[in-house]
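Just so it is clear: chains get the letters A, B, ... in the order the sequence lines come, proteins before strands, and each one is counted from 1.
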2 protein chains.
Amino acid sequence: MAVRPTDTKEEILRLGTEFIQTYGYNAFSYADISKELHIKNAAVHYHFPGKEDLLAGIIDQYILRYRELAKTFANPGISSKHKLQSIISRYSALCDQGRICLIGSVCADYNTLPDSVKARLTELIGLVLGMVEKVLREGKKKGELQFTETARVKSMLLMTNLAAGVQLARITGQKDYTAICNSILKQLVV
Amino acid sequence: MAVRPTDTKEEILRLGTEFIQTYGYNAFSYADISKELHIKNAAVHYHFPGKEDLLAGIIDQYILRYRELAKTFANPGISSKHKLQSIISRYSALCDQGRICLIGSVCADYNTLPDSVKARLTELIGLVLGMVEKVLREGKKKGELQFTETARVKSMLLMTNLAAGVQLARITGQKDYTAICNSILKQLVV
DNA sequence: ATACATACTTACTAATCAGTAAGTATTTCC
DNA sequence: GGAAATACTTACTGATTAGTAAGTATGTAT
């Protein structure tokens with residue numbers, strides 16, 4: 001068949017991400033993906049032999065995307081406030097879709113994952129925290145952002161607020177997430 | 001057999017909690033529980049007919065415990081700082097055991113849960129946030145704690161730091177969690 | 001044109017999952 | 001001592017799980 005050469009692989013990655021963010025890693029099956037894409041489960045296994053290969057692929061995709069974003073953020077022309085809001089808006093988008101942060105979702109099942117996936121997850125988190133840390137440090141230096149903690153600790157405080165904020169919002173409602181974001185910006189932006 | 005009348009039910013609740021915090025709700029089975037307790041899986045079904053009944057039981061147990069803690073916290077003799085540290089130490093204990101917050105873990109699988117469990121989860125979160133909010137408001141009034149946000153928003157910021165902090169710590173190491181806690185206390189305690 | 005790689009489908013399998021019906025031992029109440 | 005409730009075990013079931021081996025259609029390079 002193969003109407004479009006390799007779109008299927010991209011679609012599997014997209015759906016897998018959606019399922020993890022919506023239902024959790026151990027709550028969806030290859031059958032869920034194959035039904036949605038109108039293919040057979042063996043087709044999913046063709047692209048990703050095991051479920052952990054799919055998760056590894058999804059995390060790898062995230063790593064590439066965040067490397068790209070980090071590159072974009074290297075541009076000093078973009079204001080630190082704008083970069084900060086760009087990060088926040090990613091979580092707001094998740095919230096609007098009733099999804100949660102991929103890392104936060106996978107974290108719940110962390111101890112069921114093979115070492116190769118654990119290593120990728122560690123890399124992804126390091127990448128994200130490092131990027132945010134840089135934005136914060138730069139923003140403070142330029143007088144656009146203010147905080148008393150170290151940039152490293154502040155990046156963790158900020159990202160835990162956002163990650164658990166969307167988790168909270170899914171249960172208690174979006175206005176809680178909005179309140180968190182407003183408070184973060186009020187404290188952080190000069 | 002029934003050597004000890006109803007210890008089994010308590011043990012199932014205890015193990016279920018441990019599994020959720022360690023591996024995730026959709027990652028453990030009744031077989032895991034029955035093997036560990038050296039009983040048959042039907043015995044687990046006897047106490048909790050369905051897996052969602054077990055989860056409901058676990059959440060109910062948490063609700064009762066937090067109601068007790070809230071009662072203890074009603075004592076004005078205990079300092080607000082001590083109450084705050086008591087809350088933080090609960091999360092530190094999870095961190096030490098390589099576990100994560102029950103709510104945070106279940107949240108990943110939230111959309112796979114029946115409405116009855118969702119409602120219980122909402123109640124539990126309301127209870128915890130309400131309790132923390134009270135501690136913060138009281139602490140500020142007594143001049144023991146300081147923050148510029150509303151007590152409500154600050155309670156959410158604090159709890160999201162702690163909940164996602166233990167999630168983060170399991171992946172990147174405990175020192176990140178320690179840094180978060182130290183920062184929280186430094187900011188909050190007068 | 002043909003060989004080969006890609007991208008699947010067909011048709012399974014073995015294991016595990018939650019869940020149940022029926023039987024049994026033990027304790028408790030009267 | 002008999003009835004009933006409690007706390008299980010035995011012995012299953014049907015559905016779903018991840019995963020595979022073998023076959024097929026389609027495009028590509030020579």
- [ ] Take atom NE2 of A:H38 and atom C1' of C:dT10, then tell me their distance rounded to the nearest Å.
- [x] 19 Å
Task: Protein-nucleotide distance (A:L54, atom CG; D:dG19, atom P), rounded to Å - done: 10 Å
Open item on the list: Without decimals, in angstroms, what is the distance between B:E52 CD and C:dC17 C1'?
Closed with: 15 Å
- [ ] Answer yes or no: does a side-chain N or O of A:S29 lie under 4.0 Å from OP1 or OP2 of D:dT16?
- [x] no
- [ ] Nearest whole angstrom, please: distance from the P of D:dC8 to the NZ of B:K9.
- [x] 11 Å
Open item on the list: Regarding A:E123 and A:R120, does a basic nitrogen lie under 4.0 Å from an acidic carboxylate oxygen?
Closed with: no
TODO: Return the value, rounded to whole Å, for the distance between atom CD of B:E11 and atom P of D:dA7.
DONE: 15 Å
Open item on the list: Under 4.0 Å, counting only non-hydrogen atoms across every strand here, what does A:Y46 touch: a base, just sugar-phosphate, or nothing?
Closed with: base
Task: salt_bridge(B:E133, B:R137) N-O dist < 4.0 Å - done: yes
Task: Ion pair B:K71/B:E68, N-O distance below 4.0 Å - done: yes
TODO: Would you mind reading off the distance between B:K35 atom NZ and C:dA15 atom P, rounded to a whole angstrom?
DONE: 13 Å
Open item on the list: Determine whether B:R14 and B:E10 satisfy the following criterion, salt bridge (Lys or Arg N to Asp or Glu O under 4.0 Å), listing intermediate values before the conclusion.
Closed with: CA-CA 6 Å; B:R14 186 187 58 77; B:E10 290 296 311; over 6 Å; no
Open item on the list: Strictly below 4.0 Å: does B:T8 bring a side-chain N or O up to OP1 or OP2 of D:dC8?
Closed with: yes
Task: A:H45, nearest nucleotide to its side chain (from D:dA11, C:dT9, D:dG19) - done: D:dG19
Task: Contact under 4.0 Å: B:H47 side-chain N or O vs D:dC8 OP1/OP2 - done: yes
- [ ] Figure out the CG/P separation between A:N26 and C:dA18, and round it to whole Å.
- [x] 12 Å
- [ ] Looking at every strand, decide which applies to B:F28 at a 4.0 Å heavy-atom threshold: base, sugar-phosphate, or nothing.
- [x] sugar-phosphate
TODO: Have a look at B:K51 and say if it touches a base, only the backbone sugar-phosphate, or nothing, with a 4.0 Å heavy-atom cut-off.
DONE: sugar-phosphate
- [ ] Using the six-membered ring of A:Y46, assess whether NZ or CZ of A:K9 lies under 6.0 Å from its centre and within 45 degrees of the ring axis.
- [x] no
TODO: Would you kindly compare A:N41 and B:I39 by the position of their nearest DNA chain D nucleotide and give the one closer to the 5′ end?
DONE: B:I39
Task: Euclidean distance, atom OH of residue A:Y30 to atom P of C:dA15 [Å, nearest integer] - done: 21 Å
